[in-house]
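Inspection log for the structure reproduced underneath, given as C-alpha cells.
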Amino acid sequence: MPELVTLAETVEQWWDGIETYLTTGITNAASEGNNRLIKLEARNAFGFRNRENQCLSSRCATTRRSRREARPH
C-alpha cells in the first residue's frame, strides 16, 4: 500500500525528533505556537507605520497568557 510506504518514509525522516520526544517528553510545541502567533500578528500589523509597533504587537500577542496569570484577581 503506497500510504504505508509514505508513512514509513515520514517516520524515518523524523525519527530523531520522535525518539527525543519519546525519551524526554519534551516538544517544541510552545515555540511553534508562538511562531504561529507572531506570523499572524505580523500579517495583522502590516499597516503599522514603524517596525517597533509591529514588534510590540507581536510581543503582546505571545505573552497574553503570562500577563493574564500575573494579574491579581
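Source: prediction; values computed, not measured.
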**OP:** Scan T24, L22, I18 and name whichever one has a side chain to side chain contact (heavy atoms under 4.5 Å, CB included) with T20.
**Re:**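 Among the candidates, only T24 passes.
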Original post:
Among all residues two or more places apart in sequence or in another chain, which pass the side chain to side chain contact (heavy atoms under 4.5 Å, CB included) test with T27?
Top reply: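 With neighbours one apart ignored, the set is Y21, A29.
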Original post:
How many angstroms lie between CG in N35 and CG in N28, if you round to the nearest 0.5 Å?
Top reply: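 The CG atom of N28 is 9.0 Å from CG of N35, to the nearest 0.5 Å.
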Show which side-chain atoms of residues 4-11 pair as donor or acceptor with protein atoms under 3.5 Å away, not counting sequence neighbours.
unit_1 : atom_1 : unit_2 : atom_2 : d
T6     : OG1    : P2     : O      : 3.0
T10    : OG1    : T6     : O      : 2.9

